[in-house]
Each structure stands twice: as C-alpha cells, then as structure tokens.
Protein chains: 2
Amino acid sequence: MTAAKNDRLTIRDIAALAGVSAGTVSRAMNGQPGVGAATRDRISAVIAEHGFRVDPTARQLSTGRSRTLGVLFPLHASEVVLHPVYPALLGALGDAAERAGYDLLLLTMSGQKSAHVLDTVSRRRVDGVVLPAAGARDPIIKQLVGLGAPTVLIGHRSKLPGVGWVDCTHDAAATELTQLMISGGRRSLVLLNGPTHVSACKLRSTGFWSAVKAAGIPGAREVSVPFDTAAAAAVALDLLRGPNRPDAIVCASDTIAAGVLETARTLGLSVPDDVAISGFDDRSLAAHTQPALTTVRMPLQETGHAAAHMLFAMLGDEPLTSRHIVLPTQVIVRDSTPRAAR
Amino acid sequence: MTAAKNDRLTIRDIAALAGVSAGTVSRAMNGQPGVGAATRDRISAVIAEHGFRVDPTARQLSTGRSRTLGVLFPLHASEVVLHPVYPALLGALGDAAERAGYDLLLLTMSGQKSAHVLDTVSRRRVDGVVLPAAGARDPIIKQLVGLGAPTVLIGHRSKLPGVGWVDCTHDAAATELTQLMISGGRRSLVLLNGPTHVSACKLRSTGFWSAVKAAGIPGAREVSVPFDTAAAAAVALDLLRGPNRPDAIVCASDTIAAGVLETARTLGLSVPDDVAISGFDDRSLAAHTQPALTTVRMPLQETGHAAAHMLFAMLGDEPLTSRHIVLPTQVIVRDSTPRAAR
DNA sequence: CTGAAAGCGCTTACAG
DNA sequence: CTGAAAGCGCTTACAG
C-alpha cells in the first residue's frame, strides 16, 4: 500500500460495477475477441456512465510498451533553420499521435551529447523517435537504430538501413524555379544556397544544376551563405555589383531572398527586370515583399502526418508501405520572377 | 508473465548480486536513511559494475508520481511569436529537467480544444506543466490549475491564485529605450507596438508611457501592428510621410524595427539622425541591419531555468521562494539610436 | 465466453 | 540496519 488513493476508478471498479472480472473488462476495452456481445455492451455502458481511462503506466508495466513517441529537438540548429518548420510539423505530429493514442516525449539535446537522450529512450521504452530536423547529426541516428528504436527522420534521406524518412521535392522545386528563370530569358544564373551540409540544400543544388545543364547554359554559379538576411544581402552586393551581374538568383530560403531583394533595391535594380529572384519556404514575409516573392511551399502538415504514420506502421499498428516518402512541394509564382515568356 | 524478457537488470538482480534484499537496494538508491554504510557501498559497487537504471514506469506505478513535466506548445500562436523564444527556452528546460531526473512530455494543442491536453496530464500523472508562450489562452491555465497540476507560465503574469510565472522586465526596457530617445533630444515619440493582447506588449506600452510622462513630453503616440516586417513597413510609411513625422520610433520587436528601417531607407531618411529606431528581442538580424539596431536582449536561458526550478519547488523538490519571478532584460545600444547627448 | 491468478518492477509500511 | 510481503493497476496465458 503505497501510492495515494484518489478518486480515479480502476479496472477492478469497472469490473465490479459490470459484474465481471477485471480480465474481461481489459479484453473488452482493448477490442480483443472472446467477449460476449452482451458483456461487451454492459461494460461499455458502465464505462460511459462512470468514466474510465486506463492507466498508461500500469499498462506499460504489463505490456512493456509505452505508447510514447520521442520527438528529438536539435537545439544546436540555428534559429533560422528551426523556425519555419516546427509549429506545423509538431501540430501534425501531435494530432496523429493523439488520434492513435500515443503521447509525445520531448527529447532535447544541447550540443552533441546524446547519452541522456539514448538513456531516456531506453528507460522510458519509447516506442519510436522522430527527428524533425535531421541532418549531419548522424551519430545519434545510428545510436537510436542500435537501440532498436524505430526512427523516422524529417528532411534527411539517410542511407542507414532500417531508418525511415519523410522529405519533399527540394530538387524538383529548384529545377522548376530555375526553368522558370530560363524560360523567362535569363542566362546568367546564380544559386544562392544555404549551408551545404543541410540535406535540403544539397537537393536544391542538384535541382538547380540539373536544370542548368539540361538547358545547356554556361557560367552558372552557386554560392553558399548562412540562412540570414543580412549575410545574404552582403553576398548579394558582391554579386550584383561585380562583373557579369546575374539576371536571376535562385535563393535557398525566403530569408536569403529578402536580403537579395534589399540589396537590389539599394542598388536601384528593378526586380524582376534587372534581376529575377526566388525564395524557398513561403514564409509569411514572402507575400509582402516588394515585389512579392516567388517561392516554394513545403508540405509541412503532410510531412508531420506522414512521419507519424510511418512510425505507427513500423510499430506494427498500420501496414508499412514504405520507409522512404518524398512529398511534393509547390512552387508559388509571384512577381519577383519573369512571366513565362515563350 | 506478460512483458517480454529483455537483458535489462531489475532491482532484484542487483539485490541478488549484492547479497541484500530488493527493498534495501531501493532505499540505498534513493538515498533514504537506514542503510548501513558498508551495504550502501556494496550496492553502489554492484550498480557501477553491472549498470542499472530504475524503471520509471514501475516506480511511477508504486509512488504515483511520474517525474514528468508537461510542456504545452501553443500551436495557434503565429510563427513570429513563437520563433525567438523557443529554442533557448526548451534547451534550458531540458537541461534543468535532465539534471533533476525529470522527463518532458510534449503537449500540443491545435486550436482551443484543451480536452486532450487535460486528459493526458491527468492520465500520465504529469507532475507539473510549463506554458512557454502563455497569454490570452486563459481557459487552459485555469483548467490545469483545477486539475491540481502545478503550473508555470512564461511571459504572462497571471493573476490566478497558485499559478507561477516567470517573466522579464519588458516595461523597464521600454522605459530605458524611451529615455534613451529623450535624452538624445527626441521629442516626437512613437511606440510601434505588437498586438496589444500579448502580455509583453502591454508591459512595453506601460514602460514607454511612463518614460514619456516622466519627461512631460506631449504628443507621443502608440500604434499596434502584427509582428511582421512588411506590415510594420507599411505603417511606418504612413508615420514617416504623415504630418509631424516622429523623430524616434520604439518598436516592439526586431522584425517590426526591420520594417521601419526599410521604410526609412526607402524614404531617404537617415537613421538615427532623422529618425531613431529601436527593436526588441536581439535576434540575429539586429546586429546586421544598416545601421545596427539598438534592441533588448531577453534572458531566455535564465527564464527556462527559472521556470523549471519553480516547478521543482512547487513539487516540493526544492524550497519555493516565489511564484512570481521577473528577470532583468538588457538594452543593447547600437547605432540606430542617438548617442546619449547630455 | 469468462474467471482466477500470476506477473510486470518498483516502493514502503511493518516487523524484527 | 535489514528482510519479507503487500501493493500500485493493468494484461494475458491457463483452465474451464
């Protein structure tokens, strides 16, 4: 006799009320076979009347499964990387988890010390882990897999066996934007990319160069900057004042594009006539820049849902169709790129 | 016999290895009195050699306490409000929780439907809840308190009895910035505030007006805009082109200040000579604007730690000094405000 | 179809 | 100072 009594009903209370045994209530609650229809109804009625939620702790001790999903926050990621992705993603994860009866454990990792995260996953018997901003943090990914925890990455197409991921078509979007520039008559192209160790940036680079090569356009360049408006503005100054000024700059984020727009304005260049500019992310600012920014919308909600459901599938709750999902992005054409002239 | 056997050692294994009973191991582990020094050492040695982590699930079932803290994410908050605060705050919360042996449960609430959050807190016996971006969401605050869950708000000074909060001196910072403007000779002041339902914005307003009144300066104005650069730029255009152009604009965020800076540049106004501008938040952009932005740094790490420790104190783990903590902000003077001319 | 019982891994009065 | 035992609230073979 240890834990304090409280007013919560236990499965035994329900059993007594329904005139059956606790085991039968358990079977009925969990939708298991071997409970008579009448008994089932009686139990449902009692639960409906008196209210009863199974104690997840007791269930876990008995089954060994926690019905808990870990969400790993990479706190060392720059604020700018974090920003646009999280709220929508978390909302979708939370919704999916709620619907499936899972709870979410928040795993934070300051720096690279993964020991505590691994310990928590193991102690709490976390059923699976989502890494919403996976990337070059490979050590922990491998360690999680080593622990036997089903792992789903968002935004990083890991080659590790068993690891699932959900990503979107950064490459195709970059290709489409670049083609938009080319079909609008642009011939001096620059990709103002983010940090090249970011998986999404690698894909954007691939997409850019594939369009450039397909069109046989020489002299295209790629420059890498942090996801920072001011830094982008500074680099844009060099580009736009330098020799062979580009007439199209594909930017890897709206924040980068904002810096380029700013510099263009400072230099008195007209957008898109003198230089066409595109962004990525479709953040709220993109619709309000002058001119409004052509950009790419990511399927954030869908990504969160897909990641959650992939995890449920890995846990055997749903059929597992694929461990690797690529969702479509959507190019939003506004006024900062040339009208398709063809 | 239900849960799958695994390789993890139980307290009974340790007890056997140390030649004592499980109860004694439990008492030794938990630092309880009534265990001989020699026994204690032997148990420590065994644990050190073989490794052992107590199963939190079993402990919880026995004690009724989960050693889990809830972190409530307000997903309906705009991305801009969320942004600057979360990573540092979560990191600090995570650190503090880790050190105290607590885990963090991620509570998401899409829209205003709090039922699931309350149910989770109750089912999982969450020991206490932190609301990192509390505000006008009062319904859930009251409901959490009603559940008996110790509750700590960040950024909202609730009047509800029993509710703890950690906030910082938004008001004093606004006063200091305003005085900086006044002592620099500015006499036509505007507070370009954020949404007035945000608690921090109310305090910033208070601080601004208190400085204005103390200096006896007439004609000061306050205008409210969303936390959005483009929206701020539009409002700034009206202000800076209208009659009696302000010579100082105190902005409620760096994003707002960025819009004002942009408009000033567009209009060919010199900052700070024609119009002085200050921000709030000290986001990374603030150091890189042209001119660099005078702004306010929030004690985010300290806030996270304070919130966590207040919760521990409410849970009886630490002495509770106060349920209401106001931490100091720091005004960062850069080049967008007048040099203190006196 | 249903019940009685054992077990999940801890903690904590209760004895001694 | 230490052990034996009961209990936390479930689940699930095992019988019937």
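So you know, we letter chains A, B, ... as the sequences are listed, proteins then strands, and number each from 1. No hydrogens, no waters, no symmetry mates; every other heavy atom, side chains included, goes into these values.
Note on R67(B) versus D103(B): no salt bridge recorded, every NZ/NE/NH1/NH2 to OD/OE distance being 4.0 Å or above.
Within the 4.5 Å cutoff, the side chain of L90(B) has heavy atoms near those of the V71(B) side chain.
When all heavy atoms of I11(A) and M29(A) are compared, the pair lying nearest together is CD1-CE, 4.2 Å.
Considering only side-chain atoms of A22(A), the nucleotide from dT11(C), dG3(D), dT11(D) that sits closest is dT11(D). In the set dG9(D), dC10(C), dT2(D), dC10(C) carries the atom at the smallest distance from any side-chain atom of R59(B). Across dG3(D), dC1(C), dT11(C), the shortest atom-to-atom separation from the side chain of S21(B) is found for dG3(D). Comparing atom distances between the R27(A) side chain and each of dC10(C), dT11(D), dG3(C) picks out dG3(C) as nearest. Closest contact between the side chain of T39(B) and the listed nucleotides dT12(D), dT2(D), dG9(C) involves dT2(D). The nucleotide whose nearest atom lies closest to any side-chain atom of T63(A) is, among dG3(D), dT12(D), dC10(D), dT12(D).
Between the C1' atoms of dT12(C) and dG16(C), the separation comes to 16 Å (whole Å).
Applying the 4.0 Å criterion to OP1 and OP2 of dC10(D), one finds that S26(A) has every side-chain N and O outside that range. For dG3(C), one of the phosphate oxygens OP1 or OP2 lies less than 4.0 angstrom from a side-chain nitrogen or oxygen of T24(A). Taking side-chain N and O atoms only, Q32(B) has a distance below 4.0 Å to OP1 or OP2 of dT12(C).
With hydrogens and angles left out, the side chain of R8(B) and the base of dG9(C) share no donor-acceptor pair within 3.5 Å. Taking 3.5 Å as the limit, the base of dG9(C) and the side chain of S62(B) contain no donor-acceptor pair of atoms between them.
Between Q60(A) atom CD and dC10(C) atom C1' the separation is 13 Å, expressed in whole Å. The distance from atom CZ of R65(A) to atom C1' of dT11(D) is 14 Å, rounded to the nearest whole Å. If you measure from atom CG of N30(A) to atom P of dA13(D), you get 13 Å, rounded to the nearest angstrom. With rounding to whole Å, F52(A) atom CZ is found 10 Å from dG9(D) atom P. Atom CD1 in I14(A) sits roughly 13 Å away from atom P in dG9(D) (whole-Å rounding). Atom pair R42(A):CZ and dC1(C):P shows a separation of 14 Å (rounding to whole Å applied). In this entry the distance linking CD1 of I11(A) with P of dA4(C) reads 14 Å, nearest Å. As a whole-Å value, the separation of R123(B) CZ from dC10(D) P is 12 Å.
Using Watson-Crick or G-U wobble geometry with both donor-acceptor distances under 3.5 Å, dA4(D) finds no partner in any strand shown. Pair check for dA13(D) finds none; no Watson-Crick or G-U wobble contact set falls under 3.5 Å.
Of the N and O atoms on the side chains of Q60(B) and T57(A), at least one donor lies less than 3.5 Å from an acceptor on the other residue.
Between R12(A) and P33(A), it is P33(A) whose nearest contact on DNA chain C lies nearer the 5' terminus. With DNA chain D read from its 5' end, the first of the two nearest nucleotides for G23(B) and T10(A) is the one closest to G23(B).
With L72(B) as the partner, the side chain to side chain contact (heavy atoms under 4.5 Å, CB included) test is satisfied by one option alone out of V121(B), I140(B), V130(B): I140(B). When the options R125(A), R123(A), R124(A) are evaluated for a side chain to side chain donor-acceptor pair (under 3.5 Å) with D55(B), the one that passes is R125(A).
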